[in-house]
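Below you'll find the structure, written out as structure tokens, and then a few comments.
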Protein chains: 2
Amino acid sequence: MNAMTWLTEEEQTTWRAFLHATTLLEDHLDRQLQRDAGMPHMYYALLSTLSEAPGRKMRMTELAEQAKITRSRLSHAVSRLEGNGWVRRENCPTDRRGQVCVLTDAGHTELVRIAPGHVAAVRAAIFDRLTAEQSRRLGEISRLVAEGLHQPDGADVPWLR
Amino acid sequence: MNAMTWLTEEEQTTWRAFLHATTLLEDHLDRQLQRDAGMPHMYYALLSTLSEAPGRKMRMTELAEQAKITRSRLSHAVSRLEGNGWVRRENCPTDRRGQVCVLTDAGHTELVRIAPGHVAAVRAAIFDRLTAEQSRRLGEISRLVAEGLHQPDGADVPWLR
DNA sequence: GGGCACTTCTTGAAGCTTCAATGAAAGTCC
DNA sequence: GGACTTTCATTGAAGCTTCAAGAAGTGCCC
């Protein structure tokens, strides 16, 4: 409750504005993708990440880390996407515990179909509203904030679990 | 797919960084509050918002708008918080359809108990990592982005539903 | 190579959010 | 006043996320 722990007026205003912006943005993008692609934003991000991986495939843990989600969440998500035929699980040849998540051709086709609409939504919501300078600053700030936070699961920080 | 709709390299990098930061941050804060207060971040925000309203009470719709969530979501949330005794529903005296959500004394006490920990988490994750200048810019950018997005529910934009 | 700790991934249940539908009251139009 | 539209808030079901637990494989250490 002292000066060290509380926020200044200005910080509080900033924090609220940030919360509002992120809440509205996530909702907006989720709705856009749900409407046009029948999937939430995170699922799109998974397909998108996979599409850029070599061979369009990735180990589950690696995919979870790249997407900043828990393995459990990924597991459920992949099950759903697999049900849709956008993704397929394969056994990992080098580690018999492991699974490799592969973007199917159907999944890739679907991604190609929905990407433009999604990118347009992102552009309209963010980059069309910011100057180049502001975009750059947003990137910088985002990187600083992300650096300070660790992965959920603490996959590589077991002593902190 | 043309230059108008796609993102530049830099924009893409920025967008990813932003997504990572917000994903990690939301997870982090949800975990912190779940651990220390047994509620998700949004529920804390509701209590916090209520606590600053005159009489610590607010109409459901107004609260939903301020928190940037749908009425439905709020309704479920308030039911849960009511079950915990942090909040109470009252009939609105001026509109018999309406409900007023009131922060109880117990709810206020609880809020006072958990606020410092939460604020510390926010500070550690954001403001301790940014310069004053960067914080100000984050606020500015957030406001710009939020301006471009409308409430879910489109409560006041029925023709867009 | 036997024991032990750790990693990989999945599962089911509980909690939260979304969506569409609903009842009830208020507002509008003539 | 009566018909129509809109707003307020809630509900239940379906989908998504979290959490704790667990099966199976790997790595290490002696």
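Convention: sequence-line order gives letters A, B, ...; per-chain numbering from 1. Just so it is clear, the model here is predicted, and its values are computed rather than measured.
- Considering only side-chain N and O atoms, B/R71 lies under 4.0 angstrom from the phosphate OP1 or OP2 of D/dC8.
- Contact annotation: B/R59 reaches the phosphate of D/dA9 (side-chain N/O to OP1 or OP2, under 4.0 Å).
- Nearest-nucleotide positions on DNA chain C for A/D95 and A/S79 put A/D95 closer to the 5' end.
- In the hydrophobic cluster analysis, where Ile, Leu, Val, Met, Phe, Trp and Tyr join through side-chain heavy atoms closer than 4.5 angstrom, A/L63 is grouped apart from B/L24.
- Atoms CG (B/L63) and C1' (D/dA9) sit 13 Å apart, rounded to a whole Å.
- Between the CD atom of B/Q99 and the C1' atom of D/dT10 there is a distance of 9 Å, rounded to whole Å.
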Handout entry: Base versus backbone protein contacts along nucleotides 13-21 of chain D [heavy-atom cut-off under 4.0 Å; B, S, -]
Key = ---SSBB--
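- Inspection of the B/R89 and B/S79 side chains reveals an N or O donor paired with an N or O acceptor under 3.5 Å.
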Problem - Verdict with supporting geometry, B/T61 and B/R71, side chain to side chain donor-acceptor pair (under 3.5 Å) - result: CA-CA 6 Å; B/T61 293; B/R71 291 193 187 94; 3.0 Å; yes
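- A close approach under 4.0 Å does occur between a side-chain nitrogen or oxygen of A/R89 and OP1 or OP2 of C/dT10.
- Rounded to a whole Å, the CD atom of B/E82 is 13 Å from the C1' atom of D/dA9.
- Each of A/R97 and B/V100 has a nearest nucleotide on DNA chain D; the 5'-most of these lies closest to B/V100.
- Rounded to a whole Å, the CG atom of B/D153 is 14 Å from the C1' atom of C/dA21.
- In this structure, A/Q151 places its CD atom 14 Å from P of C/dT7, rounding to the nearest Å.
- You'll find that the side chain of B/R96 is closest to C/dA26, out of D/dC8, D/dA24, C/dA26.
- Put simply, the side chain of B/E26 never gets that close to the backbone of B/T23: no donor and acceptor are under 3.5 Å apart.
- When the side chains of ILVMFWY residues are joined at heavy-atom separations under 4.5 Å, either directly or via intervening members, B/W15 and A/L46 end up in two distinct hydrophobic clusters.
- Criterion: ILVMFWY side-chain heavy atoms under 4.5 Å apart, direct or through other members. Under it, A/L29 and B/I141 are part of a common hydrophobic cluster.
- A salt bridge links B/E110 with B/R113: the distance from a Lys NZ or Arg NE/NH1/NH2 to an Asp or Glu carboxylate oxygen falls below 4.0 Å.
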